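Note that this is a predicted model, so its numbers are computed, not measured. The figures here come from the full heavy-atom set of this structure, side chains too, leaving out hydrogens, waters and symmetry mates. Chain naming here is simple, since letters A, B, ... match the order of the sequence lines and numbering starts at 1 in each.
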Amino acid sequence: MSDVITSLHLDKGVVTHKLIAVKELNGCDSSFIISCLLGHCIRNKNALLVVCLHNSQEHYHNVGLKMNYNLNKNVESGLIHFYNAGEELTRAILDSNSISANIFCTKLKEQIDKIKKNYNSVNIIIEGVSHLFDLEFSLREVNYICKEIINLVRDYDNSFLLMQCNAACDNDETHVMANLLAYKVHVLVEVDHLASGWSTDVSGHITFKYPSRKFEKEHKHKIELKPSHHLFKLFDRGVKLLAPGAV
Amino acid sequence: MSGFHKISESNFTVKGTKLKNNLLFASSGIPSLDYVIGGGLPTGGIFAIESDVLGGYSRVLTKYFLAEGVVCNHDLLIVSADENPEEIVKELPQACVVQKDDRDTKIPQEEMKIAWRYESLAKVESSFDNETNFGHHFDLSRYIDEDTINNSNISYCYLQLGNETEDSDSSCFKNVLYAKLLKKVKDALAKEEYKRSSKSKKILRISIHMLGSPVWLAVDCDEELDNRYGHDLIKFMYCLRILLRDTNAVAFITIPSHLFDDDHIMNRLLHSIDNAVRIESFAGSDKETNPVFSEYHGLFHLTKLSALYSLVPFVPSSLDLAFKLKRKKFVIEKLHLPPELQESSEREQDDITAVPRSCGGFKKKDIEF
């Protein structure tokens, strides 16, 4: 778990704002990164807003119990806040209403403001950004929503924002969106299955790329910055990063 | 006496389910399928089958799923737009007891003289049937009697395109069938007993037959033929995922994915689906006559395995799976090539001169050089 936090550069505390994108390739699941972050925020008493579009709060709670933190308890105390965006948007569809990108943005901002009243910094996780396309938001609208939230986090300048996007296949809008996000962020995480299929020894490949490094002094003169490749193995109680080739 | 009690255990006593990761699992009606997807169908999740080209085997699997529901007293909601779902129910197989294979005990343990290194190895078990004792076996030749069906809580939903212009105007779907079905599912799930927090729990099995077949796409492809094709289906699947979440309902959906023109529809759908498998039947393909596959009726591919309420998804010991349909069993096994013990038909096939026997082709002995 701490390996993931260190690789995301979140272990030393968030001094300025930090944008992270998680790109899921070939249907690989990356919810373990969110579970790790939830644990990290609870341990450090950092306020967090999770915008749920893919998994439910119950899922993260049950995973959290095995990872040694009680999510529901912290939700009750107000430290962690879950906004069930998927349910709200679906309810609107069932009632034959549609929520526009603007309204959705306003709703998100309302949620953020609520937390901002009690806490100095507000970290945000948007899981399943690609599901917005399922609900017939256009690429332009999804990009607009993400841009607004990014601007907000930039203004706070002491929080992180993680956006998780599933890239269905190469010529799909979800893939374009994942690439757009990858362009804007400080840390890009790519999660993929093993090329040979599933294995019980290793769960998949994980690659951390740091596009923002090219603006840092120490990396100024490097033309090509190397990404760090790892294998990861999921356990009930956490995740372990392994060097490529090691099992 | 220990002061610790598992609170959860006393709460869950729903017939035909088991508890794993603090979540109820229902059986699919096929023990070996339950095993390969990680112990059954998680409640609150969607299980999808990409059906075989002729659709015969996916229909059989649907029948198993529904029959298991009838045996366990679960509520059923059967949806189809292609045929009247009452027809499917008429053919539900009856539960039966299958004798376990006692072959291992009958074989006398002889001392191996040549291949003595293999003596201590365990017998290769290609079938997953004995791995689990969850679910029932069904006899496809005998049907459940009408009384039992009438006494079960079954709702039917035969969706047909009518002249509901009012609905289609206000609906968020181009094809009004999706809106109708979502409404039906929402109404069905409104009952308190299907909520995960409820005290008197009941399981609802939702079966949607051939979702995405031409009737579902008919209106969708009327207008522009750009990448919006099939978008209704993707939207529907996501809405269904959200509706089912945190309920005691299981959705079992068969999808004729071979009808979709490109991969992106199925890939997008799979993101909303929890577990998915694909059936590749040999019927009508060249594999039907291939002696390598002579023991099986088709290949069984696992396309998505996810872990609800857990970090680690279940991965079976082998991913090369094949299935065969017997009268009393649908068996999924590890795919094994047949042993080359005798002058097998495989050799015959390789021999180019042994061509069609029935078509009056020449025989090897007729050729003279």
When the 4.5 angstrom heavy-atom criterion is applied to A/H61 and chain B, the contacting part is neither
In terms of heavy-atom pairs under 4.5 Å with chain B, the winner among A/L234, A/L65, A/N166 is A/N166
Would the distance check show the side chain of B/D274 and the main-chain N or O of B/L308 forming a donor-acceptor pair, the cut-off being under 3.5 Å? no
Between B/Y35 and B/F314 (judged by ring centroids, cut-off 6.0 Å), do the two rings come close enough to count as a pair? yes
Contacting moiety of A/L53, where chain B heavy atoms sit under 4.5 Å: both
Could you check whether B/S32 and B/E333, counting side-chain N and O atoms only, form a donor-acceptor pair closer than 3.5 Å? no
Ring geometry between B/F236 and B/Y178 (parallel below 30°, tilted from 30 to 60°, perpendicular above 60°): tilted
Contact class of A/I93 relative to chain B, heavy atoms under 4.5 angstrom: both
With a 4.5 angstrom heavy-atom cut-off, is it the side chain or the backbone of B/S317 that approaches chain A, or both, or neither? neither
Segment of B/S310 engaging chain A (4.5 angstrom heavy-atom cut-off): both
Please classify the contact of A/D172 with chain B as side chain, backbone, both or neither, using a heavy-atom distance under 4.5 Å. side chain
If we define contacts as heavy-atom pairs under 4.5 Å, which of B/K235, B/M237, B/M266, B/R268 has the most with chain A? B/R268
Candidate pair A/K107 and A/E88, rule salt bridge (charged side-chain N to carboxylate O under 4.0 Å, His left out), full reasoning: CA-CA 10 Å; A/K107 283 175 186 277; A/E88 189 155 343; 2.7 Å; yes
Is there a donor-acceptor pair closer than 3.5 Å between any side-chain N or O of A/N44 and the backbone N or O of A/H40? yes
Side-chain donor-acceptor pair under 3.5 Å between A/S100 and A/N102, yes or no? no
Within 6.0 angstrom of A/K73 NZ, more than 12 heavy atoms from elsewhere: no
Between B/E193 and B/S198: side-chain donor-acceptor atoms closer than 3.5 Å: no
Looking only at side chains, do B/S257 and B/E50 share a donor and an acceptor under 3.5 Å apart? yes
One option among A/G238, A/S203, A/G86, A/C169 has the most heavy-atom pairs under 4.5 Å with chain B, and it is A/G86
Of the backbone (N, CA, C, O) and the side chain (C-beta and beyond), which part of A/Q57 lies under 4.5 Å from a heavy atom of chain B, both, or neither? neither
Taking side chain as everything from C-beta outward and backbone as N, CA, C, O, which of these in B/P313 sits under 4.5 Å from a heavy atom of chain A? Side chain, backbone, both or neither. side chain
Tell me, side chain or backbone of B/L319 under 4.5 Å from chain A's heavy atoms, or both, or neither? side chain
Of the listed A/D134, A/T90, A/N26, A/L89, the one with the largest count of heavy-atom pairs under 4.5 Å with chain B is A/D134
The interface call for B/I242 against chain A, heavy-atom contacts under 4.5 Å, is side chain
Cut-off 4.5 Å, heavy atoms of chain B, and the answer for A/N84 is side chain
In terms of heavy-atom proximity below 4.5 Å to chain B, should A/S56 be classed as side chain, backbone, both, or neither? both
Looking at B/K304, B/K183, B/K186, B/R245, which makes the most heavy-atom pairs under 4.5 Å with chain A? B/R245
A/K240 charged N/C atom sitting above A/F235 aromatic ring, 6.0 Å / 45°: no
Comparing A/R237, A/H131, A/H175 against chain B, the one with the most heavy-atom pairs below 4.5 Å turns out to be A/H131
Show the numbers, then the answer: is there a ring pair (Phe, Tyr, Trp, His ring centres under 6.0 Å) between A/H193 and A/H205? CA-CA 6 Å; A/H193 285 300; A/H205 287 288; over 10 Å; no
So what's closer than 4.5 Å to chain B heavy atoms on A/T174: side chain, backbone, both or neither? side chain
Please flag which part of A/D95 lies under 4.5 Å from any non-hydrogen atom of chain B: side chain, backbone, both or neither. side chain
Interface residue of largest heavy-atom contact number with chain A, from B/L243, B/D246, B/L23, under 4.5 Å: B/D246
